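Remember, predicted model here, so these are calculated numbers, not experimental data. Positions are given from 1, in the same order as the sequence printed here.
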Amino acid sequence: MSSIKTPYGCKLNSMVTTQQIQKNIAKAIKQSGLSQTEIGKRTGISQQSVSHYVKGDKMPSLDTFANLCIALDISPNEILSEKFF
């Protein structure tokens with residue numbers, strides 16, 4: 001695949017998919033060591049919503065995504081990366 005040049009001059013070698021972002025969110029939640037209830041309290045969402053993100057059933061809204069990153073102490077760039085560890 002050839003690289004794609006963005007309007008800002010950046011080169012993208014590949015694109016991250018929604019499924020990859022969902023997997024990265026789930027992995028970050030699991031690696032955090034926090035319970036789903038605690039994550040819910042920190043972000044103002046229900047434990048059930050956190051559970052849906054872990055299972056990959058749902059994608060958080062943008063504001064919830066930002067709050068999850070804060071609660072999990074992780075950069076949004078890491079979650080949006082194709083190569084999240």
In residues 70-79, what donor-acceptor pairs under 3.5 Å come from side-chain atoms, sequence neighbours left out?
| residue | atom | partner | partner atom | Å |
| --- | --- | --- | --- | --- |
| S75 | OG | N77 | N | 3.0 |
| E78 | OE2 | S75 | N | 3.4 |

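- Scanning all heavy atoms of the two residues, the minimum distance from M59 to Q22 falls at SD-CG, 3.5 Å.
- Rounded to the nearest 0.5 angstrom, K55 NZ and I29 CD1 are separated by 12.0 Å.
- Once rounded to the nearest 0.5 Å, the distance linking OG of S32 with NZ of K30 reads 11.5 Å.
- Nearest heavy atoms, S51 versus Q36: CB-OE1, 3.3 Å.
- For the residue pair N67 and T43, the shortest heavy atom distance occurs at O-CG2, 3.6 Å.
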Please lay out, stage by stage, how Y53 and I39 fare under the test side-chain contact (heavy atoms from CB on, under 4.5 Å). CA-CA 11 Å; Y53 304 147; I39 293 169; over 6 Å; no

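- The side-chain heavy atoms of T64 and S61, taken from C-beta on, include a pair separated by under 4.5 Å.
- Side-chain atoms of F65 and L80, non-hydrogen and from C-beta on, do get closer than 4.5 Å to each other.
- Rounding to the nearest 0.5 angstrom, the gap separating the CD1 atom in I21 from the CD atom in Q19 is 9.0 Å.
- To the nearest 0.5 Å, atoms OG1 (T37) and CZ (R42) are separated by 12.5 Å.
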